[in-house]
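What follows is a single structure, written as structure tokens, with notes after it.
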Amino acid sequence: MSSTSMRTHMCGELRAEHIGQTVSLTGWVGRRREHGEHLAFVDLRDHSGITQCVINDDVDVRSEYVLRVTGVVRARPEGTINENLPTGEIEIGDCEVEILRKAVPPPFPIDHRADDVDENIRLQYRYLDLRRERMQKNIRVRSAVNGAMRTAMDRQGFVEVETPMLVPSTPEGAREFLVPSRKEPGSFYALPQSPQLFKQLLMVGGVDRYYQIARCLRDEDLRADRQYEFMQLDMEMSFVGQDDVLDAVSEAVLDATEAVTGERPPPIERMTWHTAMDVYGIDKPDLRFGMQLVELTEVFASTEFKAFSSAVAADGGSIKGIRVPGAADEYGRNQLDKLTDKAKSLGAKGLVWLKVTDDGFDSPVAKFISDAETAAIKERTEAETGDLILIVADEWMTTCEVLGTLRNDLGRPPVHQGPYAFVWVVEFPLFVGVDKETGRPKPGHHPFTTPHPDDVDKIETDPLSVRSIAYDLVLNGWELGSGSIRIHEPELQARVFKALGISDEEAARKFGFFLNPFEYGAPPHGGFAVGIDRLTAILAGEENIREVIAYPKTQSGADPMTNAPVEGDPKQLAELGLKVLPKID
RNA sequence: GGUCCCGUGGUGAAGUCUGGAGUUCACGCCGGCCUGUCAAGCCGGAGGUCGCGGGUUCAAGUCCCGUCGGGACCGCCA
């Protein structure tokens with residue numbers, strides 16, 4: 001497999017069993033150690049590893065020269081075995097060295113030391129960065145993830161279908177990249193934010209089980225876990241319920257994890273959205289650590305502390321706390337003030353902190369808390385002396401979100417650390433919040449998501465309480481993807497549109513191209529999409545998806561290697577009927 | 001759109017708070033010595049618009065203003 005017409009082995013391949021063989025290796029000069037005119041050690045490197053070549057002639061080879069070395073595998077002399085190297089027992093002697101290409105010195109070392117190099121420089125010379133062991137590993141982890149998921153989908157009877165990259169602009173959702181049409185100046189294609197439309201129409205088309213390793217594009221600001229372009233394992237299946245989709249995706253994701261780590265994680269547990277919010281304060285809970293939100297509303301049922309009593313009295317009010325083990329001494333007044341500011345910036349009216357002592361609490365509000373309440377707080381939070389307790393009293397959602405954010409800020413390990421804590425978060429609300437202008441509820445996922453059958457009756461009467469058959473896959477606090485069972489009956493779709501305040505005319509205008517085909521017989525169907533960059537990053541032990549993307553963009557959307565984006569050429573612009581307006585300051 | 005951090009020979013850092021000659025350290029690079037190294041060693045050398053522009057000052061890498069670039073996060077990502 002690894003041999004070619006130019007080489008017999010890879011640089012990381014040779015062992016004691018090869019001693020005596022004449023071999024040819026190709027690769028780059030990693031290190032050169034010269035001992036006078038007639039002895040030099042050259043570490044020849046390719047992605048598989050390095051092999052020491054002993055060169056007796058006076059050959060001028062330098063860092064990153066590309067060589068073909070032909071010689072005899074021999075045992076290293078006693079006392080010179082390098083146990084840190086898989087190939088450390090052997091070396092290549094009687095070397096004939098062919099310089100295939102000289103090289104100028106690289107701007108940074110092609111090894112682990114480049115981890116500390118400014119990322120902009122690594123990206124400018126990405127082709128050199130990619131030569132490094134870390135990048136080679138990450139690219140191969142990615143390939144393994146793709147391969148395992150593809151195999152898993154094939155095995156389960158899914159059919160890979162490629163959907164177009166030049167698509168119509170869609171009215172809702174993320175900002176799109178526009179591509180001007182040359183044939184029709186003034187008209188534009190959009191690059192797909194996902195194959196959503198096409199995959200659902202594949203179901204109408206009787207494909208039954210579709211998947212694709214799909215490129216998706218969204219013109220939204222970049223982050224550690226977000227790029228303009230990203231890859232998804234996109235899938236859709238017909239005549240299914242939620243369990244069918246979750247099982248199929250679990251298979252692919254667990255296979256991918258096993259392919260990379262060699263170990264298959266346990267079956268992925270499920271948690272309702274409500275539990276995730278209530279206990280972890282976030283819809284993408286990180287299950288690797290505790291510090292759960294503890295319910296304290298009842299404890300303060302008859303409290304005299306006004307900040308709490310008003311929350312108890314309010315409809316939908318909630319008081320919760322988190323315990324930060326052993327943190328009482330770590331957090332001084334200054335830091336506690338910062339936490340309070342943070343809580344306020346997240347929408348809380350305030351933050352109560354209690355330092356747990358043997359007697360009770362050390363806190364500015366300790367005097368408002370009765371002995372019974374103190375005992376109840378300690379019992380419910382399982383607090384011990386030296387712990388710090390943070391309490392928020394507010395509307396339920398605010399209480400949960402604020403404490404969830406603090407929990408992550410204070411306790412969350414780096415994303416790749418520890419076990420792989422997958423979790424399915426199910427029963428997302430159908431609607432989230434209310435549009436300020438229209439007063440109508442806003443869709444939580446997208447307007448084609450099926451309402452939970454038990455809640456369908458409440459679409460008109462209490463829309464915000466309606467759950468949906470929409471679900472997310474979460475790993476170590478990162479959202480890996482989301483999906484839903486789609487609405488396939490027009491009556492139900494009409495009710496949801498009505499709740500959203502979308503008129504028949506508007507629905508026909510905005511979504512007609514999508515929904516009209518359903519008239520010809522849409523099967524019940526549902527699907528999912530898994531973010532491959534994020535899954536790969538976590539499996540590769542990286543905290544940033546740029547590390548698992550061969551050619552990523554910087555946070556401002558530029559590519560330091562190619563200098564993209566570049567100004568439009570006037571001739572091209574003219575052909576497309578485009579004119580660039582001057583910048584407004 | 002916002003908040004915060006960073007920018008010093010090819011690379012990484014110290015120096016910036018408290019202004020005083022481009023000073024220092026490590027790696028790399030070039031040359032010399034060296035026959036068992038593997039982060040080789042020893043000796044010598046070259047290499048700088050302190051991101052850029054403006055201001056304050058007798059004097060700015062250092063203080064002030066602006067700007068560009070990079071990063072983390074918020075908004076945004078139905």
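Chain letters run A, B, ... following the sequence lines, proteins first, then strands; residues in each count from 1. Note that the coordinates shown come from a computational prediction; the quantities given were computed from them, not determined experimentally.
- On the C1' atoms, B:C4 is 48 Å away from B:C42, given to the nearest whole Å.
- Annotation: side-chain hydrogen bond (donor to acceptor under 3.5 Å, both in side chains) contacts of A:N516 (sequence neighbours excluded): none.
- Nucleotide B:C38 holds its C1' atom 14 Å from the CD1 atom of A:I55, rounded to whole Å.
- No more than 12 heavy atoms of other residues, nucleotides or ligands sit less than 6.0 Å from atom CD of A:E96.
- Residues from residues 215-225 of chain A with heavy atoms under 4.0 angstrom of RNA chain B, sorted by number: A:R218, A:E220, A:D221, A:R223, A:A224.
- Residue A:R226 places a side-chain atom within donor-acceptor reach of the base of B:C76, judged by atom type and a 3.5 Å distance cut-off alone.
- Note on ring orientation: taking the six-membered ring where Trp is involved, the planes of A:Y471 and A:F528 are parallel (angle under 30°, cut-offs 30° and 60°).
- As judged by a 4.0 angstrom heavy-atom cut-off over every strand, A:T170 is placed among residues making no nucleic acid contact.
- When the shell of 6.0 Å around CZ of A:R288 is examined, it contains more than 12 heavy atoms from other residues, nucleotides or ligands.
- Comparing B:U23 with B:U62, their C1' atoms sit 13 Å apart, to the nearest whole Å.
- Other residues, nucleotides and ligands contribute more than 12 heavy atoms inside 6.0 Å of the NZ atom of A:K137.
- Counting any heavy atom pair closer than 4.0 Å across all strands shown, A:G88 reaches no nucleic acid atom.
- Side-chain contact, A:R412 with A:Q417: no donor N or O sits under 3.5 Å from an acceptor N or O.
- Regarding contacts with the backbone of B:U37, every side-chain N or O of A:R33 stays at 4.0 angstrom or more from both OP1 and OP2.
- Within 4.0 Å (heavy atoms only), A:R122 reaches no atom of the nucleic acid at all.
- A straight line from CG of A:L44 to C1' of B:C38 spans 14 Å, rounded to a whole angstrom.
- Among the nucleotides B:A40, B:A78, B:G71, the one closest to the side chain of A:N544 is B:G71.
- A:R175 comes within contact range of no nucleotide atom at all, as no heavy-atom separation falls under 4.0 Å.
- Distance check on atom C1': B:U57 versus B:G51 gives 23 Å, rounded to whole Å.
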Less than 3.5 Å apart, which donor and acceptor atoms pair up between the side chains of residues 80-88 of chain A and the rest of the protein, not counting sequence neighbours?
unit_1	atom_1	unit_2	atom_2	d
A:T80	OG1	A:P77	O	2.6
A:N82	OD1	A:N84	N	2.9
A:T87	OG1	A:I50	O	2.7

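- Within residues 35-43 of chain A, the residues having any heavy atom under 4.0 Å from RNA chain B are, by residue number, A:H35, A:G36, A:L39, A:F41.
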For this session: Sugar-phosphate means primed atoms, P, OP1 and OP2; the rest is base. With that split, encode nucleotides 5-15 of chain B 5' to 3' as B, S or - using protein heavy atoms under 4.0 Å.
Result: -----SSS---
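- Within the nucleic acid shown, A:R412 has no heavy atom closer than 4.0 Å to any nucleic acid atom.
- With A:F431 as the aromatic partner, A:R440 does not meet the cation-pi criteria of under 6.0 angstrom to the ring centre and within 45 degrees of the ring axis.
- Between B:U37 and A:T80, no contact under 4.0 Å exists linking OP1 or OP2 to a side-chain N or O.
- Look at CG on A:D60: it is 12 Å from P on B:C29, rounded to the nearest Å.
- For A:Q196, the listed nucleotide lying nearest its side chain is B:A78; candidates were B:C30, B:A78, B:U37.
- With a cut-off of 3.5 Å on both pairing distances, the Watson-Crick or G-U wobble partner of B:G31 is B:C43.
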Problem set entry | side chain to side chain contact (heavy atoms under 4.5 Å, CB included) between A:Q196 and A:H446, worked out | CA-CA 11 Å; A:Q196 190 67 29; A:H446 61 54; 3.5 Å; yes
List, with names and distances, any nitrogen or oxygen atoms from the protein found under 3.5 Å away from nitrogen or oxygen atoms belonging to nucleotides 41-43 of chain B.
none

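- For CD of A:E460, the number of neighbouring non-hydrogen atoms (other residues, nucleotides, ligands) closer than 6.0 Å is greater than 12.
- Comparing B:G70, B:U37, B:A39 by their closest approach to the side chain of A:R31 singles out B:A39.
- With values rounded to the nearest 0.5 angstrom, A:E542 atom CD is found 4.0 Å from A:R134 atom CZ.
- A donor and an acceptor atom sit less than 3.5 Å apart, one in the side chain of A:R76 and one in the base of B:C38.
- Pair assignment for B:G36: none, as no Watson-Crick or G-U wobble contacts are both less than 3.5 Å.
- Between the side chains of A:E489 and A:Q493, no donor N or O sits under 3.5 Å from an acceptor N or O.
- For A:Q193 and B:C77, the shortest distance from a side-chain N or O to OP1 or OP2 is not below 4.0 Å.
- A donor-acceptor pair under 3.5 Å is formed between the side chain of A:K199 and the backbone N or O of A:M235.
- More than 12 heavy-atom neighbours from other residues, nucleotides or ligands sit within 6.0 angstrom of NZ on A:K458.
- Across the strands present, B:U18 finds no partner; the criterion is a Watson-Crick or G-U wobble pair with both atom distances under 3.5 angstrom.
- For B:C29, one of the phosphate oxygens OP1 or OP2 lies less than 4.0 angstrom from a side-chain nitrogen or oxygen of A:S63.
- For A:Y331, the OH atom counts as densely surrounded, since its 6.0 Å shell holds more than 12 non-hydrogen atoms of other residues, nucleotides or ligands.
- Rounded to an integer number of Å, the gap from CG of A:L406 to P of B:C73 is 17 Å.
- With rounding to whole Å, A:D533 atom CG is found 14 Å from B:C77 atom C1'.
- Between B:G69 and A:T554, no contact under 4.0 Å exists linking OP1 or OP2 to a side-chain N or O.
- Searching all strands for a Watson-Crick or G-U wobble partner of B:A78 with both distances below 3.5 Å returns nothing.
- Distance from the side chain of A:Q52 is smallest for B:U37 among the nucleotides B:G70, B:U37, B:G71.
- Of the N and O atoms on the side chains of A:D60 and A:Y65, not one donor lies less than 3.5 Å from an acceptor on the other residue.
- Only the C1' atoms considered, B:G66 is 28 Å distant from B:A14, to the nearest whole Å.
- In this structure, a donor-acceptor pair under 3.5 Å is absent between the side chains of A:T51 and A:E91.
- When heavy atoms are screened at a 4.0 angstrom cut-off, A:Q227 is found touching no nucleic acid atom at all.
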